[in-house]
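The block underneath contains the structure these notes are about, expressed in structure tokens.
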Amino acid sequence: QLQLVESGGGLVQPGGSLRLSCAASGFTLDSYAIGWFRQAPGKEREGVSCISSSGTNYAGSVKGRFTISRDNAKNTVYLQMDNLKPEDTAVYYCAAVYRRFCGLRKNEYIYWGQGTQVTVSS
């Protein structure tokens, strides 16, 4: 059974850093596009970053602050988040779809994790 499990969320002060992990089981990540999404209270779920065999993509609001990477040996995708801002506060989800190219639209993805909370506050 294909499963995604996020971890690494928490409370951090503005300007701080967190690294989120998305561990996959039941399939190998390197053939899939993996996306990170976030949803703040009362807002739509939005794409943050994605990675596939063809490269990476970032939303404009996080470009230069967030870095997505993949460890095929651990079957895990990471999202390194630096210089965090209060507006980054949200539940962060990873998602997967079997395709070569990745995008930041949520309806492109089939499999979803349960989410991890990130709170940026002083």
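When all heavy atoms are compared, the tightest approach of L20 to G9 is CD2-N, 3.6 Å. In plain terms, the two heavy atoms of C102 and A33 that are nearest each other are CB-CB, 3.6 Å. Residues L84 and L18 share a closest heavy-atom pair of CD1-N, 3.8 Å. Closest heavy-atom contact between Q39 and K43: NE2-O, 3.2 Å. Residues A90 and A40 come closest through the heavy atom pair CB-N, 3.8 Å. In terms of heavy-atom proximity, L79 sits nearest to S49 at CD1-CB, 4.1 Å.
In this structure, Y92 OH and S7 OG are separated by 15.0 Å, a value rounded to the nearest 0.5 Å. Distance CG/N75 to CG/L29: 4.0 Å, rounded to 0.5 Å. Atoms OG and CD1, on S52 and I34 in that order, are 9.5 Å from each other to the nearest 0.5 Å. Distance check: S25 OG to Q3 CD gives 4.5 Å after rounding to the nearest 0.5 Å. Annotation: the span from L11 atom CG to S121 atom OG amounts to 6.5 Å, rounded to 0.5 Å. How far OG of S53 is from CZ of R70: 7.0 Å, rounded to the nearest 0.5 Å.
Formation of a donor-acceptor pair under 3.5 Å by the Y58 side chain with backbone atoms of R65 is not found in this model. Under a 3.5 Å cut-off, the side chain of E6 and the backbone N or O of T116 do not form any donor-acceptor pair. Remark: the backbone N or O of R100 is paired with a side-chain donor or acceptor of S54 at under 3.5 angstrom. A donor-acceptor contact shorter than 3.5 Å is absent between the side chain of R105 and the backbone of N107. Between the T76 side chain and the K74 main chain, a donor and an acceptor come within less than 3.5 Å of each other. A donor-acceptor pair is defined here as one N or O able to donate and one able to accept, closer than 3.5 Å; no such pair exists between the side chain of T56 and the backbone of C50. When atom types are taken as modelled, the side chain of T28 and the backbone of D30 share no donor-acceptor pair closer than 3.5 angstrom. With T89 contributing its side chain and T119 its backbone, the two residues share no donor-acceptor pair below 3.5 Å.
The hydrophobic cluster containing I110 also contains V48, counting ILVMFWY residues as joined when their side-chain heavy atoms lie under 4.5 angstrom apart, directly or transitively. One hydrophobic cluster holds both V77 and L2 under the rule that ILVMFWY side chains link at heavy-atom gaps under 4.5 Å. If you chain together hydrophobic residues whose side chains sit under 4.5 Å apart, Y111 and F27 fall into the same group. Follow the hydrophobic side-chain contacts under 4.5 Å out from V91 and you reach F37 in the same cluster.
Geometric assessment of R19 against the ring of Y78 yields a positive cation-pi assignment under the 6.0 Å and 45° thresholds. For R45 and Y93, the positive end sits near the middle of the six-membered ring, less than 6.0 Å away and at most 45° from its axis.
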Self-check item: Verdict with supporting geometry, Q114 and L4, side-chain contact (heavy atoms from CB on, under 4.5 Å)
Solution: CA-CA 8 Å; Q114 83 290 348; L4 298 168; over 6 Å; no
Exercise. Take W36 and F66 through the ring pair (Phe, Tyr, Trp, His ring centres under 6.0 Å) test and state the conclusion after the steps.
Key: CA-CA 11 Å; W36 280 101; F66 290 11; 9.8 Å; no
Practice problem: Show your reasoning for whether side-chain contact (heavy atoms from CB on, under 4.5 Å) applies to Q80 and S69. | Solution: CA-CA 8 Å; Q80 177 68 39; S69 62; over 6 Å; no
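Relative orientation of the Y32 and Y98 rings is perpendicular, given thresholds of 30° and 60° on the angle between their planes.
Side-chain atoms of K85 and V62, non-hydrogen and from C-beta on, never get closer than 4.5 Å to each other.
Atom CD of E87 sits in a crowded spot, with more than 12 heavy atoms from other residues, nucleotides or ligands closer than 6.0 Å.
Here K106 does not pair with E46 in a salt bridge; the nearest charged N to carboxylate O distance is not below 4.0 Å.
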